[in-house]
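Residue indices begin at 1 and follow the sequence shown.
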Amino acid sequence: MTFRIHAALTAVLLASVAAPASAEQVFNRIASFPVASNLPADKDKLATTSAEIITASEDGKTLIYSDSPLGAIGFIDITDPKAPKALGALSLDGEPTSVAAVGSKVFAAVNTSESYAKPSGKLNVVDIASKKIEATCDLGGQPDSIAISTDKTFAAIAIENERDEDVNDGAIPQMPAGDLVIVSLKDGAADCDSIKHVTLTGLAGVAPEDPESEFVAINDAGEIALTLQENNEIVIIDGRTAAVKGHFSAGTTTVEGVDTRSEGALTFTGKVENVAREPDAVKWLDNDRLVVANEGDWKGGSRGFTIFDKSGKILYEAGSSFEHEIARIGHFPDKRAKSKGVEPEGLEAATFGASKYFFVLSERASIVGVYKDTGAEPELTQLLPSGVSPEGAVAIPGRNLLATANEVDLGEDGGVRSHVMIYEYAEGEKAYPTLVSKDQDGKIIGWGAMSALAGDPEKEGILYAANDSFYGMQPSIFTIDTTKTPAEITGVLRVTRQGQPAQKLDIEGLATDGKGGFWLASEGDTSKLVPHALYNVDKKGEIKTEIALPAELLAGETRFGFEGVTTVGSGDDLTLWMAIQREWKDDPKGTVKLVSYKPKSKEWGAVRYPLEKADAGWVGLSEITAHGDHVYIVERDNQIGDNARLKKLYRVAIADLKPVKLGGELPLVKKEEVHDFIPDLKATNGYVLDKLEGFTFDKSGKAFAVTDNDGVDDSSGETLFFPVEMKATN
């Protein structure tokens with residue numbers, strides 16, 4: 001008996017040592033699928049595509065999304081969710097607006113309208129395996145959202161009959177009115193003869209004669225929640241009897257501490273008063289509570305979300321909290337500040353393990369907010385990076401997966417394509433964000449468009465970053481503490497001229513000056529009256545010295561100027577070295593200048609640097625920083641996603657930097673490759689970002705890099721800030 005007790009105790013102790021404490025369950029992106037991979041062979045490879053609303057097959061192994069520009073629905077094989085495969089697209093002879101899967105079928109709502117005044121639409125029932133249309137129902141109007149009841153006995157389709165925004169400034173009423181369609185299902189098949197139209201006129205306080213049905217959701221009791229977005233109304237309908245059980249206004253709210261001006265600065269001091277919520281998506285949290293995303297459309301949009309009970313009582317109002325958290329991770333879209341801010345649009349809700357979650361999709365910030373549903377005030381647990389403009393999401397709890405459909409395709413402009421993003425719920429660490437800001441004096445430090453990095457010469461782990469001309473009314477230098485995870489912006493220094501925000505700057509290079517201040521390299525653009533120049537600012541951010549480029553250098557200028565500045569030497573021997581991004585008019589093809597300037601003697605000089613050849617687009621320099629016996633230079637192409645080929649770090653020996661007076665024959669330096677950034681840029685399983693623009697070392701010699709998110713303008717807003725592990729060099 002004694003042996004058995006000791007043996008049992010030993011087993012328990014061994015188990016307690018061997019099994020670590022349970023790790024946190026988190027969502028992390030595991031794959032990105034470019035929708036253009038599903039383009040038919042006869043289509044131009046740059047034809048616009050889009051992933052808008054997304055659903056999943058019952059076994060969770062196939063994703064199906066609506067692609068309005070293509071007039072099709074697309075299919076993705078996620079048998080291995082980390083390696084999604086294209087399964088092609090099915091043309092539906094119209095504009096698919098929404099999809100929902102049931103059994104082995106997917107239902108696609110399709111807009112076939114001749115005009116806004118003569119709306120029409122159909123419901124296509126498609127076999128997922130064969131991708132063949134098996135049935136078609138006439139919906140009698142232009143459909144938007146579709147949902148399937150949990151018992152699979154009926155489908156509900158919002159018939160929007162959308163307004164023409166060019167008529168009467170988009171004001172409603174604009175007839176014909178929208179309604180709701182309910183169609184019975186049997187064994188996954190739609191009974192077109194069973195269609196019921198639910199009349200919704202006379203309910204809303206706003207344009208009651210013209211209900212604008214937007215989004216539907218169905219709870220376990222078979223009750224349909226329907227948003228009338230422009231009418232600012234929510235309607236509850238019995239899905240089995242088609243009777244309206246109740247309705248209520250989404251109401252108005254006042255949102256404080258938000259940025260309301262698109263002025264090239266991030267200032268969260270504004271106020272939006274008594275604004276209509278105008279909800280888009282709706283999801284049931286249980287049979288009594290529902291959450292709506294207050295995107296706004298006509299007059300409203302309160303930048304957050306609201307939880308109601310089905311009688312219309314407000315249980316929780318997000319206010320500005322969602323937008324504030326987005327700003328702290330650098331995703332606030334300043335160009336949308338004067339409109340509807342981050343615009344929460346899509347929603348999903350599901351239970352993963354023992355936890356109930358709902359997911360809020362920000363269309364303009366390209367972020368998914370992950371909220372734990374506590375039954376009271378929800379808990380924000382994560383902010384996930386998405387593609388550009390997430391429109392729809394689908395949870396697959398049985399496989400611990402979440403997928404988002406991101407609608408914007410910028411391929412024709414050389415930008416990123418529309419993507420479907422896939423996330424997994426598993427034990428681990430949160431991979432994103434990689435950089436956050438800490439409030440300063442109770443105020444949010446908004447940030448974005450990071451264009452340069454520099455290390456603090458005295459403090460290990462402390463770096464400085466600068467923003468570029470996207471924030472032309474708020475040029476700033478940020479302090480970053482890299483010892484935190486994620487790295488943390490702990491302070492900000494505004495760059496000023498005579499006490500006012502310094503204008504006509506495009507800071508692309510940053511270096512400390514040894515006196516508590518900084519050297520700035522500004523990339524000029526003569527067409528915008530922005531000069532190519534160097535600036536020295538003091539520890540308060542005030543510009544003390546402005547150094548114009550000499551005529552000999554400017555004679556060959558283009559708008560692609562300085563993209564970095566670093567210091568070599570000290571005192572009277574101090575030399576500034578700047579990298580020019582691309583070839584100027586007087587450069588031999590395939591070379592760019594590294595330019596030198598001695599502040600003491602005011603001497604200018606230069607050498608030539610050999611560029612790699614571009615597979616597509618152009619190749620140029622993005623950063624220069626001195627460390628030890630070398631200067632390190634970021635060289636990259638301007639390609640994004642699958643087209644990206646060159647994002648590398650090279651170095652040049654300082655001993656070989658022997659500048660020649662401008663106007664003469666410049667020597668060509670030799671370079672050595674020391675790091676390929678593309679694996680780093682793939683680490684969060686998104687597409688490869690194009691603008692790697694900052695690189696530096698801290699006092700201890702640790703290397704770091706950062707990407708520029710373009711101020712969340714035609715961009716997903718992602719910023720990747722990461723340590724760089726370079727290969728050993730002699």
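Although no hydrogens or angles enter the test, the distance criterion places no donor-acceptor pair under 3.5 Å between the side chain of Asn467 and the main chain of Ala449. At distances below 3.5 Å, at least one donor-acceptor pair connects side-chain atoms of Ser321 with backbone N or O atoms of Ala318. Between the side chain of Asn232 and the main chain of Gly251, a donor-acceptor pair closer than 3.5 Å is present. A distance-only check finds no donor-acceptor pair linking the side chain of Lys338 to the backbone of Glu263 [under 3.5 Å]. Remark: side-chain polar atoms of Arg277 are not paired, donor with acceptor, to backbone N or O of Ser302 under 3.5 angstrom. A side-chain donor-acceptor contact under 3.5 Å links Glu278 to the backbone of Gly300. Put simply, the side chain of Asn231 never gets that close to the backbone of Glu233: no donor and acceptor are under 3.5 Å apart. At distances below 3.5 Å, not a single donor-acceptor pair connects side-chain atoms of Asp690 with backbone N or O atoms of Ile640. Remark: the backbone N or O of Ala395 is paired with a side-chain donor or acceptor of Glu348 at under 3.5 angstrom. Listed for the Lys283 side chain is no donor-acceptor partner under 3.5 Å among the backbone atoms of Ala217.
Around NZ of Lys335, the count of heavy atoms belonging to other residues, nucleotides or ligands within 6.0 Å does not exceed 12.
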**Message:** Let's go through Asn161 and Tyr116 carefully: what are the C-alpha distance in whole Å and the side-chain angles of both, what is the deciding distance for side chain to side chain donor-acceptor pair (under 3.5 Å) to 0.1 Å, and is it a yes or a no?
**Reply:** CA-CA 7 Å; Asn161 292 344; Tyr116 290 105; over 6 Å; no

**Derivation of the side-chain contact (heavy atoms from CB on, under 4.5 Å) call for Val282 and Leu226** = CA-CA 7 Å; Val282 59; Leu226 169 67; over 6 Å; no

**Request:** Show the numbers, then the answer: is there a side chain to side chain donor-acceptor pair (under 3.5 Å) between Glu693 and Ser622?
**Result:** CA-CA 5 Å; Glu693 298 219 349; Ser622 284; 4.8 Å; no

**Request:** Show your working on side-chain contact (heavy atoms from CB on, under 4.5 Å) between Glu718 and Leu689 and close with a plain yes or no.
**Result:** CA-CA 8 Å; Glu718 282 191 47; Leu689 301 174; 4.1 Å; yes

**Prompt:** Run the side-chain contact (heavy atoms from CB on, under 4.5 Å) check on Met473 and Gln503 step by step: do they pass?
**Reply:** CA-CA 6 Å; Met473 294 300 295; Gln503 298 184 43; 3.7 Å; yes

**Request:** Decide yes or no on side chain to side chain donor-acceptor pair (under 3.5 Å) for Thr252 and Asn274, but give the supporting numbers first.
**Result:** CA-CA 5 Å; Thr252 64; Asn274 300 318; 4.5 Å; no

**Message:** What verdict does the side-chain contact (heavy atoms from CB on, under 4.5 Å) test give for Leu493 and Phe478, after you've listed the backbone C-alpha separation in whole Å, the side-chain angles of each residue and the deciding distance to 0.1 Å?
**Reply:** CA-CA 6 Å; Leu493 182 70; Phe478 303 91; over 6 Å; no

**Message:** Between Asp373 and Arg289, does the salt bridge (charged side-chain N to carboxylate O under 4.0 Å, His left out) criterion hold? Intermediate values first, please.
**Reply:** CA-CA 11 Å; Asp373 177 18; Arg289 298 176 304 133; 2.8 Å; yes

**Message:** One pair to check against side chain to side chain donor-acceptor pair (under 3.5 Å): Ser145 and Ser98. What are the steps and the verdict?
**Reply:** CA-CA 5 Å; Ser145 167; Ser98 187; 4.7 Å; no

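Ion pairing between a basic and an acidic side chain is recognised when a charged N comes within 4.0 Å of a carboxylate O; Glu343 and Arg336 show such pairing. Salt-bridge formation is not detected for the pair Arg328/Glu488: no Lys NZ or Arg NE/NH1/NH2 atom is positioned less than 4.0 Å from an Asp or Glu carboxylate oxygen. The pair Arg261-Asp334 does not count as a salt bridge, with every side-chain nitrogen at least 4.0 angstrom from each carboxylate oxygen. For the pair Arg417 and Asp409, the salt-bridge criterion is met [side-chain N within less than 4.0 Å of a carboxylate O]. Look at Lys299 and Asp169 and you find no salt bridge, because none of the NZ, NE, NH1 or NH2 atoms lies under 4.0 Å from a carboxylate O.
When Asp708, Asp468, Asp710, Thr707 are each tested for a side chain to side chain donor-acceptor pair (under 3.5 Å) with Lys691, only one passes: Asp710. When each of Phe359, Phe27, Phe305, Tyr357 is tested with Tyr371 by the rule ring-ring contact (aromatic ring centres under 6.0 Å, His included), just one qualifies, namely Phe305.
Of all heavy-atom pairs between Ala225 and Leu290, the closest is CB-CD2, 4.0 Å. Here the shortest heavy-atom pairing between Leu410 and Asp714 reads CD1-O, 3.5 Å. Heavy atoms only, all atoms of each residue included: Leu383 and Gly369 are closest at CD2-CA, 3.9 Å. Closest heavy-atom contact between Pro333 and Val342: CD-CG1, 3.9 Å. Closest non-hydrogen pair, Glu162 versus Gln142, comes out as N-OE1, 2.8 Å. The heavy-atom pair separating Gln174 from Glu212 by the smallest distance is O-OE2, 4.5 Å.
With values rounded to the nearest 0.5 angstrom, His331 atom NE2 is found 8.5 Å from Ile326 atom CD1. Distance check, rounded to the nearest 0.5 Å: CG of Leu285 to CG of Leu315 gives 9.0 Å. Considering CD1 of Ile445 and CD1 of Ile489, their distance stands at 7.0 Å, rounded to 0.5 Å. Here the straight-line distance linking atom CD1 of Ile444 with atom OG of Ser320 works out to 7.0 Å at 0.5 Å rounding. Of the inter-residue distances, the one linking Glu523 atom CD with Glu508 atom CD reads 5.0 Å to the nearest 0.5 angstrom. Taking CD1 of Ile146 as the reference point, atom CD1 of Ile53 lies at 11.5 Å (rounded to 0.5 Å).
Contact of the Leu228 side chain with the Val206 side chain is not registered, since no non-hydrogen atoms from C-beta on lie closer than 4.5 Å. Under the 4.5 Å side-chain criterion, counting only non-hydrogen atoms from C-beta, Thr254 is in contact with Glu256. For the pair Leu520 and Leu510, the minimum side-chain heavy-atom distance is below 4.5 Å. Counting heavy atoms from C-beta on, the side chains of Thr55 and Leu63 never come closer than 4.5 Å. The closest side-chain heavy-atom distance from Val291 to Trp284 is not below 4.5 Å.
Taking the six-membered ring for Trp and thresholds of 30 and 60 degrees, His419 and Tyr687 have ring planes inclined between 30 and 60 degrees apart. Taking the six-membered ring where the residue is Trp, Phe248 and Phe308 present tilted rings, their angle falling between 30° and 60°.
A donor-acceptor pair shorter than 3.5 Å can be found between the side chains of Gln229 and Glu295. With hydrogens and angles left out, the side-chain atoms of Ser120 and Ser113 include no donor and acceptor closer than 3.5 Å. Side-chain atoms of Ser527 and Arg559 form no donor-acceptor pair, as typed in the model, at a separation below 3.5 Å. With 3.5 Å as the limit, one finds no donor-acceptor pair spanning the side chains of Asp439 and Ser437. Between Asn294 and Thr306, the side chains place a donor N or O and an acceptor N or O closer than 3.5 Å (distance only, hydrogens not considered). For Asn28 and Tyr432, the side-chain atoms include no donor-acceptor pair closer than 3.5 Å. In the model, Glu209 has no side-chain atom that pairs as donor or acceptor with a side-chain atom of Thr201 under 3.5 Å.
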